[in-house]
Amino acid sequence: MSRRTFAIAAAWSALVALAACDPAPETAQPEAPLRNVLLVTVDTLRADYIHAYGFPLENTPQIDALAARGVLFENALAAASATAPSHATIMTSRYPREHSIGAVNGGSRLEGGETLAERFRASGYDTAAFVGNFVLRPRIGLDRGFALYDAELPTRELNRERFFERDAEATTLRAIDWLRNPRPDGAPFFLWVQYQDPHGPYTPPSSYLESFPEVAGARARPLAPLDGNSGVGGIPRYQKLEGVDRVSEYLDRYAAEIAYADHWIGRLLEAAEQEGAERGTVILLTADHGESLGENGFYFQHGHATTPELARSPFVLVAPGLAPARRREAVHHVDVTPTLLELAGLPVPVDASGLSLAPFVVSSQPIPERVLFCDIGRETSAYAGDTFLRIRGSPKLWGDWAAGRSDAPGGPPESLLVVDAYRRQSPEDGWTEVEPEARLLEAAKAYLMKAVPIVQVAEPTEEDKARLRALGYLPPEPEDPRPQAGRPGG
Ligand SMILES: [Zn+2]
């Protein structure tokens, strides 16, 4: 341990000891100044398409620079492979089966409990969110606790006329404007910025495309378009670009979208640290989920599985005084809320399903191995170390039984679960099928028994409809898109 790290660890121990002697209510302000907090979530960003995570091209200089001065977690997992369930977990430290959004991507609403933004706001923070994804409109309840929730989406998606989005430049400029306004009474800020760009269709500015010359070989083969928005062996309808049909062209466009988002993330980081210099700023960058780029025959889509290419996310943490490091231990979206609160100087919620990573990043203390879940409702994977269990069949029935919505005698039969298990020997190896471990299966079954009732989104009022029309959206219901749980809807 370096002298500097040791000093931080000692300071941390003193802070913890102080808190233990004088238990304070959750909203009490500790003596140390509260830090600003910036949470960046990038939609559909695979960790292995970031240079700092091993991508061969230097397409992410800004994220790489952030990682070089912070803690990069090599094995971070998403709560789901769809936008709404994952973001609800990030904001609550509750798994999809523990929050009222469940595994539904856009048709359900977050109610109950206290969100990360509500916790910051109750502690005197100025709070704002800028999102670029149609699914994250205020109706799903993630706006709770934000004094400003900016979900104005000016651009119609290329192939889905009822979906709207906002690109990285527009989102960043709005967020920077907000940062440059003085905070009321010099309050600290909590800012969440969500970037939509790596989400399909892959349409980066042409100047970014030119940076990524095509590769030859197997990746150059053409793919046929699919009839629908998901499925194996072809290009999903929402991704299809006219005159573009080779795998390599889509992969290069995906990398270019990431490069474009990276540029604007750099601008945002610079502004946040300038405006937040006095208090110091805690920064966390992650993704809501990955993307299938050919794994198991699925191309350019997400939401259909919980396997590693979809569950694995980048996770980069920067805070004043933290020494740069790369960590191998697994972390998860459930860790975001407790970690950001504690690094900001606030208490960790007692009802968190995740861990605060703060004590582990200020020291070399190992993060304990846990069983962590990625869940899309009809499929759940349980990850532990270099192993995961993939459960298909009817995992939903288990929650129904636990919640009294099924009267199957003796509980849901195990024969309804289709269980596969995989292990890898090293980070470089692929996954090999193995026998399921009993301890993982038991942990997964206990998780499947959890079932908070899903809350459907409210029907839009006449006022809501008028506002949507004014913004250019088509009239809701029955035309309003209700993406199925886990389908690529955002
Ligand atoms: Zn997403």
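Every value quoted in this text rests on a predicted model; they were computed, and no experiment measured them. Every number for a ligand or one of its atoms is a count from 1 in the order of the listing.
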Student: Could Arg424 and Asp386 be called an ion pair, given the rule that one side-chain N must be under 4.0 Å from one carboxylate O?
Tutor: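 Salt bridge present between Arg424 and Asp386.
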Student: State whether Thr83 contributes an N/O/S atom found under 2.8 Å from the Zn ion (ligand 1).
Tutor: yes
Student: Check whether more than 12 heavy atoms from other residues, nucleotides or ligands sit under 6.0 Å from atom CG of Asp429, and answer yes or no.
Tutor: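 Yes.
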Student: Need one value: angle at the Zn ion (ligand 1), Asp43 atom OD2 versus Asp288 atom OD2, rounded to 10 degrees.
Tutor: 70°
Student: Suppose we screen for side-chain hydrogen bond (donor to acceptor under 3.5 Å, both in side chains). Which residues come up paired with Glu369, at least two apart in sequence or across chains?
Tutor: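 Scan of Glu369 (side-chain hydrogen bond (donor to acceptor under 3.5 Å, both in side chains), adjacent residues dropped) gives Arg439.
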Student: Is His289 close enough that one of its N/O/S atoms sits under 2.8 Å from the Zn ion (ligand 1)?
Tutor: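 For His289, the answer is yes, given that an N, O or S atom comes within less than 2.8 Å of the Zn ion (ligand 1).
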Student: Quick check: do Tyr53 and Val316 have side-chain heavy atoms less than 4.5 Å from each other?
Tutor: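 Yes, their side chains come closer than 4.5 Å.
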